[in-house]
Amino acid sequence: MAIRFELIHQDKETGARYGILHTPHGSFETPIFMPVGTQATVKTLDVDEIKEVSQGLILGNTYHLWLQPGDEIVKDHGGIRGFMNWDGALLTDSGGFQVFSLSKIRKITEDGVTFRHHLNGSLLHLTPEDSIKIQNNLGADIIMSFDECPPFHSSYEYHKESLERTIRWAKRGKEVHENPDSQALFGIVQGGPYKDLRLHSIEELKKIDFPGYSIGGLSVGETKDEMYEILEFLKDKMPEEKPRYLMGVGSPDDIIMGVENGIDMFDCVLPTRIARHGSAMTSVGKVVIKNKTYENDLGPLDPNCDCKVCKNYSRSYLRHLFKAKEMLGLRLVSYHNLYFLKTLMKDIREAIKNDRFSEFKDKVLKEYYR
RNA sequence: GGAGGGGUAGCGAAGAGGCUAAACGCGGCAGACUGUAAAUCUGCUCCCAUCGGGUUCGGCGGUUCGAAACCGUCCCCCUCCA
C-alpha cells in the first residue's frame, strides 16, 4: 500500500480526528491543509518557501500538466517532484474538476469527456483511464479518480446519472492504475445535495475499495449551510480507518466545520488567489491590504503571526506594493496566507489532542477570516 | 508681428445644437474570489440627497424654445513663418 493512515485521537466532544498520514515521501499530521500548485508551482512561491508554508504535501493538476508541458515531459524529470524540484509529497487532482469548471464547452459521454483546450481551442478527449495514466506519469503519492463534479443544484436525476457514471469511472480507473504500491488512488464521493445519493456513492466506492476517500461537489456555489449539512450527514458514513479529503475547501470557517465533521485533508486555491488579489487571512479577520485604511499602518499584516512577512514588513508597505503593482506584494501575501493556514491547522490539531476543539472552533468562527 | 491648431470631470481623450452629468482609458474608492483559463472579475467615481435636486465642458456676452457644441470678444497653450 502506498499510504497508511493512523487515526490517533478523536476530540471527545465533537469527534474531530487527529491522525498521521504516511506517504512514500513523508508522514503528515492531520488535519492537514495542502497548498495548491496546479501547474507544478504554487503561484509566486519557490520551493524553499513552499516548504516553509506547507506541511510538505502539496497539489498538482492532471489537466494542466497534461496539456502543458505534457505528462511525458514531466515523467522524464521523474515526475512532478523532480520537475519542480520538490522533495516533499504530492497529490494530483484527476482533471475532473476542470471538466466542471470548463463546462461551457464540454460533452460528457460514458467513455469520457470531450472539451476544448482552454488555451488554443483544440478539441480534446479525456477518459478515466487517460487520467490515471497521466497521473501515473506525474508520479504523485496520492492520486484522484476521474470524476464529474456537477453544479450543486443540478436535478436529482442528473446527479444520479452523473454519480453512477462517476462510480463506473472510478472502477475503470482503479483497474488501469499501474502503481498502487507507490501511488494511493482515492475515490470521490459525489451526489450533490441529495443524501441518499451521497450514501449510495460511499457504499459503491467502498465496494471498489480505495485507500482514501474524497468528498467532491462541495464549495461549488452552494451556501455554507448547505455544505455543512452534507458534511454533517457524511460524518458517520465515511470509512473510519481511511483518510477523508474534502476537496476545494480552504476558508478558515469551512475548514473548522470540516474538521468538526471528521475531515482529515483539505486543499484550496483561496489563500493564494485572494492573496494575489490583495486580501489576507489573519487572526483578526480578513484584511484587504489594498484598502486605503492601511495607507499609513505601520503594524504587521497579522499582529499574532510570526511568519517572515509579518515580522519584516508593515501593512503600509504591503499596501504600497499592491498599489504600485509590484509583484513582491503578491508573493508576500501568498506566503502569509499559506503560513496562516499552516498555523491554523497546527492549532486545530493541538485543540483536538487536548479535547478542546469545540472551544477553539468558537474562537476561530468569531475572530478569524470570514 | 503673421499663419494655423487647441483649451471637456483628478489625468488623458471622445463628443460639433435636444437622445449629454457628458463615451472610453488611466488613476482613485469599494466588493467578490473555495479540487486555479483568475497579478482576475464586478460596482462606484461633479456636488448634495432616499425619491430627487443643484452646479458644469477656459472667462464674459450673444443667437436659439433648447448650447460643451453656433456667433462675438477676451485670456491662456502648442506648431510653423518672420
Side-chain angles (χ1 to χ4, degrees), chain A residues 33-45 58-65 67-68 91-106 115-121 124 131 135 140 142-149 152 186-190 213-224 226-228 231 245-258 263 265-281 286 288-295 319 321-334 337 341 369-370:
Chain A
F33 178 80
M34 306 174 287
V36 178
T38 304
Q39 309 207 65
T41 163
V42 175
K43 292 186 194 299
T44 78
L45 303 183
I58 63 172
L59 258 71
N61 191 281
T62 299
Y63 172 82
H64 296 269
L65 294 173
L67 296 179
Q68 192 176 61
L91 181 155
T92 45
D93 187 21
S94 63
F97 186 75
Q98 278 60 48
V99 170
F100 160 70
S101 60
L102 274 44
S103 62
K104 306 124 245 176
I105 44 174
R106 82 182 160 188
F115 50 85
R116 294 211 173 265
H117 192 309
H118 69 274
L119 297 175
N120 67 19
L124 299 165
S131 173
Q135 294 188 79
I142 299 170
I143 67 178
M144 291 297 128
S145 285
F146 188 67
D147 66 329
E148 185 192 349
C149 180
F152 191 78
F186 279 29
I188 303 178
V189 176
Q190 287 287 355
Y213 295 90
S214 306
I215 298 171
L218 292 180
S219 66
V220 288
E222 78 282 8
T223 66
K224 284 177 182 286
E226 286 171 324
M227 177 166 103
Y228 299 161
L231 288 177
Y245 165 27
L246 176 55
M247 308 183 79
V249 163
S251 68
D253 57 344
D254 291 348
I255 288 175
I256 286 287
M257 295 306 288
I263 302 299
M265 304 162 67
F266 300 87
D267 82 282
C268 195
V269 304
L270 194 66
T272 43
R273 180 178 292 166
I274 66 172
R276 272 176 274 122
H277 298 165
S279 292
M281 296 177 176
K286 177 164 73 170
V288 182
I289 196 61
K290 61 186 175 183
N291 281 183
K292 191 175 182 62
T293 177
Y294 305 113
E295 191 174 29
R319 172 178 141 93
L321 293 177
F322 270 91
K323 298 312 287 184
K325 297 192 188 340
E326 282 292 341
M327 51 190 133
L328 181 61
L330 315 184
R331 281 168 43 71
L332 294 179
V333 179
S334 292
N337 281 355
L341 286 184
Y369 178 79
R370 277 189 198 234

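No hydrogens, no waters, no symmetry mates; every other heavy atom, side chains included, goes into these values. To find a chain, count down the sequence lines: A is the first, B the second, and so on, and within it residues start at 1.
- Between A:M327 and A:G217, it is A:G217 whose nearest contact on RNA chain B lies nearer the 5' terminus.
- Nucleic acid contact class of A:D254 (heavy atoms, under 4.0 Å, all strands): base.
- Looking at the side chain of A:H64, the nearest of the listed nucleotides B:A32, B:G35, B:A37 is B:A37.
- At the heavy-atom level, A:L59 lies under 4.0 Å from the strands shown only through sugar-phosphate atoms.
- With sequence neighbours excluded, no residue forms a salt bridge (charged side-chain N to carboxylate O under 4.0 Å, His left out) with A:K323.
- Nucleotides B:C60 and B:U79 place their P atoms 28 Å apart, quoted to the nearest Å.
- Base pairing analysis places B:C80 opposite B:G2; the two distances defining the Watson-Crick or G-U wobble pair are each below 3.5 Å.
- Judged as a ring pair (Phe, Tyr, Trp, His ring centres under 6.0 Å), and not counting sequence neighbours, the contacts of A:Y63 are A:F115, A:H118.
- Relative to the side chain of A:K290, the nucleotides B:A39, B:G35, B:U40 differ in distance, and B:U40 lies closest.
- Distance A:L65 CG to B:G35 C1': 14 Å, rounded to the nearest Å.
- Among the nucleotides B:A39, B:A30, B:U36, the one closest to any side-chain atom of A:Q98 is B:U36.
- Under the salt bridge (charged side-chain N to carboxylate O under 4.0 Å, His left out) criterion, A:R276 pairs with no residue, sequence neighbours left out.
- The separation of B:A21 from B:U45, taken at their P atoms, amounts to 15 Å, rounded to a whole angstrom.
- In this structure, A:Y63 places its OH atom 14 Å from C1' of B:A38, rounding to the nearest Å.
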Working note: A:S251 + A:D253, criterion side-chain hydrogen bond (donor to acceptor under 3.5 Å, both in side chains); need CA distance, chi angles, decisive distance, verdict. CA-CA 6 Å; A:S251 68; A:D253 57 344; 2.5 Å; yes
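- Look at the P atom in both B:G52 and B:U64: the space between them is 33 Å, to the nearest Å.
- To the nearest 0.5 Å, atoms OG (A:S334) and CE (A:M327) are separated by 13.5 Å.
- Across all strands shown, the partner of B:G72 is B:C60, judged by Watson-Crick or G-U wobble contacts whose two distances both fall under 3.5 Å.
- If you take CZ of A:F97 and P of B:A37, they are 7 Å apart, rounded to a whole angstrom.
- With hydrogens and angles ignored, a donor-acceptor pair closer than 3.5 Å exists between the side chain of A:T272 and the base of B:U36.
- Within 4.0 Å (heavy atoms only), A:L119 reaches no atom of the nucleic acid at all.
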What N/O pairs connect the protein and nucleotides 25-27 of chain B at under 3.5 Å? Give each pair on its own line.
none

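- Between A:L330 and A:N291, the one whose closest nucleotide on RNA chain B sits nearer the 5' end is A:N291.
- In a base pair of the Watson-Crick type (N1 to N3 plus N6-O4 or O6-N4) or a G-U wobble (N1-O2 and O6-N3), with each distance short of 3.5 Å, B:A21 is matched with no nucleotide.
- When heavy atoms are screened at a 4.0 angstrom cut-off, A:G258 is found touching no nucleic acid atom at all.
- Checking A:N291 against A:T293 by side-chain atom types alone, no donor-acceptor pair falls below 3.5 Å.
- Rounded to whole Å, the separation between the P atoms of B:C51 and B:U34 comes to 33 Å.
- The shortest distance between the side-chain N/O atoms of A:S101 and the OP1/OP2 oxygens of B:A37 is below 4.0 Å.
- Side-chain N/O atoms of A:R273 include one lying less than 4.0 angstrom from OP1 or OP2 on B:U34.
- When each of A:L91, A:T62, A:L59, A:T92 is checked for a side-chain contact (heavy atoms from CB on, under 4.5 Å) with A:M144, only A:L91 meets the rule.
- Of the C1' atoms belonging to B:G6 and B:A68, the separation is 15 Å, rounded to the nearest Å.
- With no hydrogens or angles considered, a side-chain donor-acceptor pair links A:T223 and A:E226 at under 3.5 Å.
- The shortest distance between the side-chain N/O atoms of A:N61 and the OP1/OP2 oxygens of B:A37 is not below 4.0 Å.
- For the C1' atom pair drawn from B:G43 and B:C57, the interatomic distance equals 26 Å after rounding to whole Å.
- The base-pairing partner of B:G27, taking Watson-Crick or G-U wobble contacts with both distances under 3.5 Å, is B:U45.
- Atom CD1 of A:I274 and atom C1' of B:A39 are 14 Å apart (whole Å).
- For A:D254, the salt bridge (charged side-chain N to carboxylate O under 4.0 Å, His left out) test picks out A:K224, with sequence neighbours left out.
- Partners of A:F146 under the ring pair (Phe, Tyr, Trp, His ring centres under 6.0 Å) rule, at least two apart in sequence or in another chain, are A:W169.
- Within the 4.0 Å cut-off from OP1 or OP2 of B:U36, at least one side-chain nitrogen or oxygen of A:T38 is found.
- Side-chain atoms of A:R319 lie closest to B:C29 of the nucleotides B:C29, B:U34, B:G35.
- Base engagement by A:Q190 is indicated by at least one non-hydrogen atom pair under 4.0 Å involving a base atom.
- With a 3.5 Å ceiling on both atom-pair distances, the Watson-Crick or G-U wobble partner of B:A32 is B:U40.
- For B:G18 and B:C47, the P atoms lie 27 Å apart once the distance is rounded to whole Å.
- Below the 3.5 angstrom threshold, one finds a donor paired with an acceptor across the side chain of A:D147 and the base of B:G35.
- Distance CZ (A:R276) to P (B:A32): 17 Å, rounded to an integer number of Å.
- Look at NE2 on A:H277: it is 15 Å from P on B:U36, rounded to the nearest Å.
- Side-chain contact annotation: A:N61 with A:Q39, donor-acceptor N/O pair under 3.5 Å absent.
- For A:M144 and B:G35, the CE to P distance is 14 Å, given to the nearest whole Å.
- Straight-line distance from the CG atom of A:D267 to the P atom of B:U36: 7 Å, rounded to whole Å.
- Between the P atoms of B:C77 and B:G12, the separation comes to 16 Å (whole Å).
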